[in-house]
2 protein chains.
Amino acid sequence: MKVQKEKFFNFLSRKRLKNTNQRVVILEAFLRQKSHLSTEDFYRQLRKKHPGIGYATVHRTLKLFAECGIAAERNFGDGQMRFEVSREDEHHDHLVCTACSRIFEFENQQIEQLQREVAQTYNFQISDHRLELYGLCSDCRPQTTSAPQGASPANL
Amino acid sequence: MKVQKEKFFNFLSRKRLKNTNQRVVILEAFLRQKSHLSTEDFYRQLRKKHPGIGYATVHRTLKLFAECGIAAERNFGDGQMRFEVSREDEHHDHLVCTACSRIFEFENQQIEQLQREVAQTYNFQISDHRLELYGLCSDCRPQTTSAPQGASPANL
DNA sequence: TTGTATTTTGATTTCCGTTTTCAATTTCTA
DNA sequence: TAGAAATTGAAAACGGAAATCAAAATACAA
Ligand SMILES: [Mn+2]
Ligand SMILES: [Mn+2]
Ligand SMILES: [Zn+2]
Ligand SMILES: [Zn+2]
């Protein structure tokens with residue numbers, strides 16, 4: 001997390017932005033918080049310890065994090081913007097459970113490579129992508145384990 | 001387009017919904033319209049020929065199309081819901097140009113297969129997925145064709 | 001240290017696409 | 001054709017994101 005802090009403070013001075021108490025507090029809370037929180041959820045967490053900080057400031061600061069590159073904005077289809085810490089080197093995509101809303105992360109280099117190939121055939125210059133798999137996680141799907149090895153009775 | 005019409009009318013009677021003039025008009029316009037239109041854009045097109053039909057009805061009917069399966073809802077990150085005709089058998093993903101907003105469609109069975117494999121390792125039951133590649137289309141990227149084979153002068 | 005120009009803050013308002021409301025109208029069935 | 005039930009369209013409500021603005025905080029030169 002040291003890296004992200006430095007990166008943000010560099011960003012601030014590069015952009016001639018001011019290093020305020022609120023920004024420091026929000027930064028540290030953000031780096032500690034669990035991933036994929038909506039602005040609202042994050043704000044609610046934060047206000048427990050820091051009731052003085054306003055929603056607008058939280059919102060603006062999260063946007064700054066995204067601009068600076070230490071946060072990734074996510075959008076899983078409910079109308080909520082979500083944020084997670086993003087690392088320089090790492091990239092991942094998501095499995096989203098439509099029942100319990102849990103989110104699982106995965107990385108698949110073959111898929112990434114195939115995406116690049118697709119783009120190439122269209123002479124398209126990729127700057128970003130999103131891949132999300134929606135469905136039921138192992139806890140939420142009907143019969144989690146031990147699918148019958150006999151005849152499964154024709155699924156529809 | 002015959003298929004979609006039948007499918008929708010079957011859906012209506014199955015659900016005990018009424019077959020109104022507006023629904024027929026909207027259905028036919030939708031099947032004729034170009035893809036990835038927002039509700040607003042579609043409504044504006046429609047009202048030229050059918051000024052009497054209200055936005056609410058258009059919105060509700062597009063949702064019905066989606067529920068019935070003849071339309072796919074899309075969301076390319078601008079805060080607009082978009083719709084396109086969806087066919088029983090076909091599936092595709094999208095390349096979205098961040099400069100001119102044009103949208104290109106592609107299909108890649110290898111990626112689809114790898115997605116299934118990812119899901120399997122998480123014991124996750126996929127019901128849907130979205131894959132979008134964002135960037136610059138061939139018309140919008142800096143030097144479209146004939147990249148210099150000599151030294152390219154350090155981009156950035 | 002000031003002084004001061006500049007930025008930031010937080011309460012509030014505005015925005016904007018989506019969805020709901022509700023009385024009037026239309027559809028469907030018996 | 002009557003009457004129950006669904007639909008319509010104008011308008012209002014909704015919800016999250018973003019903008020507004022006066023007061024406060026910050027940075028920095030003198
Ligand atoms: Mn993630
Ligand atoms: Mn498409
Ligand atoms: Zn689940
Ligand atoms: Zn383009």
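All heavy atoms count here, side chains included; hydrogens, waters and symmetry mates do not. Note that the structure is predicted; figures quoted are calculated from it, not measured.
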(message) Check this for me: does any side-chain nitrogen of one of B:Glu84 and B:Arg82 sit under 4.0 Å from a carboxylate oxygen of the other?
(response) no

Scan nucleotides 16-19 of chain D against the protein and return all N/O pairs shorter than 3.5 Å with their distances rounded to 0.1 Å.
| from | atom 1 | to | atom 2 | distance (Å) |
| --- | --- | --- | --- | --- |
| D:dG16 | OP1 | A:Gln80 | OE1 | 3.1 |
| D:dG16 | O5' | A:Gln80 | OE1 | 3.1 |
| D:dA17 | OP1 | A:Met81 | N | 2.9 |
| D:dA17 | OP2 | A:Tyr55 | OH | 3.4 |
| D:dA18 | OP2 | A:His59 | NE2 | 2.8 |
| D:dA18 | OP2 | A:Lys63 | NZ | 3.3 |

(message) Listing request: all salt bridge (Lys or Arg N to Asp or Glu O under 4.0 Å) pairs with a residue in residues 93-113 of chain A, at least two apart in sequence or in separate chains.
(response) A:Arg102-A:Asp139

(request) If a pair satisfies ring-ring contact (aromatic ring centres under 6.0 Å, His included) and one of its residues is in residues 96-139 of chain B, list it, with sequence neighbours excluded. (result) B:His91-B:His129

(request) Under the side-chain hydrogen bond (donor to acceptor under 3.5 Å, both in side chains) rule, collect the residues that match up with A:Gln4, sequence neighbours excluded. (result) none

(request) For each nucleotide in nucleotides 24-30 of chain D, reading 5' to 3', give B when a protein heavy atom comes within less than 4.0 Å of its base, S when such contact involves only the sugar-phosphate, and - otherwise. (result) --BS---

(message) Once salt bridge (charged side-chain N to carboxylate O under 4.0 Å, His left out) is applied, do any residues pair with A:Asp128, and if so which ones, sequence neighbours excluded?
(response) none

(message) According to side-chain hydrogen bond (donor to acceptor under 3.5 Å, both in side chains), who are the partners of A:Arg87, at least two apart in sequence or on a separate chain?
(response) none

(request) To the nearest Å, give me how far apart CZ (B:Arg23) and C1' (D:dT8) are. (result) 9 Å

(message) If the condition is side-chain hydrogen bond (donor to acceptor under 3.5 Å, both in side chains), which residues does B:Gln120 pass it with, not counting sequence neighbours?
(response) none

(request) With a 4.0 angstrom cut-off to heavy atoms of chain B, pull out the first and last contacting nucleotide of DNA chain C, in 5'-to-3' order. (result) C:dG17 to C:dC28

(request) Could you tell me which residues satisfy side-chain contact (heavy atoms from CB on, under 4.5 Å) with A:Ala99, sequence neighbours excluded, listed by chain and number? (result) A:Cys97, A:Leu136, A:Cys140

(request) Could you list all the side-chain hydrogen bond (donor to acceptor under 3.5 Å, both in side chains) pairs where at least one residue sits in residues 10-24 of chain A, not counting sequence neighbours? (result) A:Lys15-A:Glu67

(request) Could you pull out all residues at least two apart from B:Glu73 that satisfy side-chain contact (heavy atoms from CB on, under 4.5 Å)? (result) B:Lys63, B:Ala66, B:Met81, B:Phe83

